[in-house]
Amino acid sequence: MTKPISLLAAILTTVISTFAQPVKIKGSDTMLPLMQLEIEAFLKKNPGELNVTGGGSGVGITSLLDGSVDMAMASRELKLSEKLKFDEKGIKLNVLSIANDALSIIVNPQNPIKQLTREQLEDIFSGKITNWKDVGGDDMKIVVYTRESSSGTYEFMKDHVMNKKEFVKTAISSSATAAIVYAVSQTKGAIGYVGIAYVEPVVKAVSVSYDGGQKYIAPTFNNAFNKVYPITRPLFLLYPVEKEKNVKPFVDFVLSVYGQKLVTHKGYIPLK
Amino acid sequence: MTFQKVKEKLIESIIYCSGTFTTLLVIFIIVFLFKEGSGLFNKKPVEEGYALAVNRFNRVSKLTPAQIKGIIEGDITNWSQVGGNYDSIYTFNLSDVESKFTQEELGDEFEHLNEKIAEYIESNTGVFAFFPEKYLDSSLTQIEVDKITLSSMLKGKEWYPTANPAAQLGVLPIILGSLWVTFGAILLALPLGLIVAIYLAEICGDNLKNIIKSVIELLAGIPSVVYGFFGLVIIVPLVQQTFNLPVGETALSGSILLALISLPTIISLSEDAISSTPQDLKNASLALGANKLQTIFRVSLPYASSGIISASILGVGRAFGETMAVLMVTGNAAIIPSGFFEPVRTITATIAAELGEAASGSIHYEALFILGAILFVFTFCINLIAEFFSHK
């Protein structure tokens, strides 16, 4: 009696495993274009199915916690409260850095400002400085653009540029990075922050100084690769240890020489 | 004969069941909304797992979330500003530990961490420490933060739900933002909608009326994301250039877009109301020597007034609950609106933009459900008023 049942179970498992569930990835908008490219290249050589969606690092981490995705992309490190939540649920995470990103401060091309210090950025984004003439520019109101709080870039900006201060209340917040680039290109007094891969000729990336104005460094590929540019950050993939089997081939692909070449191709900074 | 009876009974019970099911579903959704949000009111607005501590000689034992934010951001630098002794404030948190103690002092596996933190807090009178609970000894003087109440939320003017360590959950600017954008939309849509409705019902011929009506119905069928995109690319730059503003993502852009979205509701419902004026009444008016325009304003409109009012109130409801379009054009800055040329953040946009990241059960998540409940109360009242007028 038990034999047919176990046989049936065996058949069922094979059937199920051939119709394997697609690997679902979610999170950072900053990493989305890169991951789309990596997946496309990966699927050319390997069988399987991978889905990737954006929404922000916070969204990805929350989904990973709910178990609705297999892997999260994050452009910031886990917050303590999130670590505690994973602990509570008994989920062990693997956290891998797959590339680096230079956070670029962008302004409208018509704005004569070329460089800003960290202190000036802090004051601009937290609302202490509201006119461009106070940082050596034209007499023009500063319009601050920010991401929604679900964004890892938002958190990174707060922790590493703004000295943990909150963004000014009047900051215009957008739920997508591309929308910020569009808005900054349209608005003369605008300032915003985006990952280096999103910087396009319609906006201007300013040089930044972290030593009080002695040396200004432009967010270029070389400066970021040599770690000279001060606002560089690692980009992470996170997955539960038990999902390792499903995602390992893809993760290995991203870390391979070819995968890292794609990182460069898309405008991000490779690990090596 | 019996078959007929069974069939009738069957249909009757299907209708009965569907009715009950829908009613129960609606009640379930409402209960869910309030239940998910209500957990918020027993919590403290401090990030989960964190505690705040001060030196034992500090007289301050209680702080508001706004004061905590002030301290962290360096706007409040002395304890005397929050009712304590004259002593400057140092903040102390996990990222300062490495610069204050050597690895030897902390031990290889951080086994002395708690001790060292306690020692530091007790030896500095001005310290303001925030640490995960497990690193703080229970002997330390902890700062109390008031529990969240509905009135503190409704009166609060700052919305920083992810601020660390204390979230600020003031929903006043968000509620006012929603009301303000809706008010602007109705100011634009009501006169225009009414004029079109009068034209359709009383003035234009049947052929033209059919064409215009189907176009308006088409307007109602456009998804709101498409409206939002249209607004972002056309209306926002237009508003910015026309009024020479530093930025085009303003309450006005939102109002214009919402006016467009609520127009079909207002037009088709008012047109129905005006058309329902009995021909006899109009004939009587004309027979008394009134001209066409006088008949419209003195007979048709008063007759249809309750229908027109309920149409406009339903239009308000449509605008108030709209999400995607306003999310894309109003700029979403949580400030109390003081004019139409400033960005605003609406209730719906806040929920849509933030719910994805909020971990279920967290303060942020529950605060968003409270916002949802507030939205529900508003739309429910709007519908009640519309109902009241349409039965008048």
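Numbers restart at 1 for each chain; the letters A, B, ... are given by sequence-line order, proteins then strands. What you see is a predicted model; the values in this text were computed from it and never measured.
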**Q.** Residue A/E148 versus chain B: region with a heavy atom under 4.5 Å
**A.** side chain

Q: Could you tell me which portion of B/P343 (side chain, backbone, both or neither) has an atom closer than 4.5 angstrom to a non-hydrogen atom of chain A?
A: side chain

Q. Can you say whether B/A353 sits under 4.5 Å from chain A via the side chain, the backbone, both, or neither, judging by heavy atoms?
A. both

Q: Give the member of B/L232, B/V247, B/V236 that has the highest number of heavy-atom pairs under 4.5 Å with chain A.
A: B/V247

Q) Hey, which of B/Q240, B/M328, B/E342 has the most heavy atom pairs under 4.5 Å with chain A? A) B/Q240

Q. Donor-acceptor pair, B/T242 side chain versus B/L238 backbone, under 3.5 Å?
A. yes

Q: Using a cut-off of under 4.5 Å on heavy-atom pairs, state which of A/G60, A/G58, A/S173 scores highest against chain B.
A: A/S173

Q. Between A/K128 and chain B, which part of the residue has a heavy atom less than 4.5 Å away: side chain, backbone, both or neither?
A. side chain

Q: Name the region of A/V168, side chain, backbone, both or neither, that has any atom closer than 4.5 Å to a heavy atom of chain B.
A: backbone

Q.
I'd like to check B/I363 versus B/L40 (side-chain heavy atoms, cut-off strictly below 4.5 Å). Are they in contact?
A. yes

Q | Separation between OG1 of A/T130 and CE of A/M140, rounded to the nearest 0.5 Å | A | 12.5 Å

Q: Measure A/F167 against the heavy atoms of chain B and call it side chain, backbone, both or neither at under 4.5 Å.
A: backbone

Q.
Between B/E73 and A/S126, do the side chains contain a donor N or O and an acceptor N or O under 3.5 Å apart?
A. no

Q: Check the surroundings of atom NZ in B/K43: do more than 12 heavy atoms from other residues, nucleotides or ligands lie under 6.0 Å from it?
A: yes

Q. Do B/P45 and B/V145 have side-chain heavy atoms sitting under 4.5 Å apart?
A. yes

Q: Please flag which part of A/A190 lies under 4.5 Å from any non-hydrogen atom of chain B: side chain, backbone, both or neither.
A: neither

**Q.** Under 4.5 Å from any heavy atom of chain A - which part of B/V233
**A.** both

(Q) Tell me whether the count of non-hydrogen atoms from other residues, nucleotides or ligands lying under 6.0 Å of NZ in B/K116 goes above 12. (A) yes

(Q) So that I can tick it off, tell me whether A/D70 and A/K24 are bridged by a salt bridge, with the cut-off set at under 4.0 angstrom between side-chain N and carboxylate O. (A) no

